[in-house]
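Keep in mind the model is a prediction, meaning the values are calculated, not measured. Quick note: residue numbers are just sequence positions, from 1.
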Amino acid sequence: MENGAEKARQLQKLPINYGAFIQTVFDFVIIGFCIFMVLKAYEKTKKQEVVVEASPAGPTQEELLTQIRDCLKK
């Protein structure tokens, strides 16, 4: 039968690396947040490009010249 002092010595030999685990979790959260911010900015630029492309086009130069010609004929 083991006494309490021997059990305590055996438990002290076991390395428990709480610091390494916490640092890994912290690094993961920081990297995940950075990736989230980059993707969010990318999505924002994609939405602006779509709005620019969807703007209605005005009359072409040929149409304007045709209208001017018709007005001058009158």
Side-chain angles (χ1 to χ4, degrees):
M1 193 180 237
E2 298 178 10
N3 60 17
E6 288 178 25
K7 285 185 180 181
R9 279 189 221 115
Q10 288 176 354
L11 288 176
Q12 287 177 351
K13 292 179 184 178
L14 295 174
I16 300 175
N17 297 326
Y18 292 114
F21 176 72
I22 292 172
Q23 183 67 40
T24 303
V25 170
F26 187 71
D27 290 343
F28 179 78
V29 169
I30 290 175
I31 291 171
F33 179 73
C34 290
I35 291 172
F36 172 76
M37 294 304 291
V38 167
L39 291 176
K40 186 175 177 182
Y42 177 73
E43 291 286 328
K44 199 173 200 181
T45 60
K46 292 302 272 185
K47 287 181 183 177
Q48 289 176 353
E49 288 177 6
V50 170
V51 171
V52 170
E53 292 173 6
S55 64
T60 64
Q61 184 178 4
E62 294 168 352
E63 292 172 348
L64 290 174
L65 290 173
T66 305
Q67 289 176 1
I68 292 171
R69 184 192 65 197
D70 294 340
C71 288
L72 291 174
K73 283 184 177 179
K74 291 182 182 181

How many angstroms lie between atom NZ of Lys40 and atom CE of Met37, to the nearest 0.5 angstrom?
5.5 Å

Does the side chain of Val38 come within less than 4.5 Å of Tyr42's, by heavy atoms?
no

Is Arg69 close to Leu65 at the side-chain level, that is, under 4.5 Å between some pair of heavy atoms?
no

Decide yes or no on side chain to side chain contact (heavy atoms under 4.5 Å, CB included) for Gln23 and Asp27, but give the supporting numbers first.
CA-CA 6 Å; Gln23 183 67 40; Asp27 290 343; 3.0 Å; yes

State plainly whether one hydrophobic cluster holds both Phe28 and Phe36, where clusters connect Ile, Leu, Val, Met, Phe, Trp and Tyr through side-chain heavy atoms under 4.5 angstrom apart.
no

Distance from Leu72 atom CG to Gln67 atom CD, nearest 0.5 Å?
12.0 Å

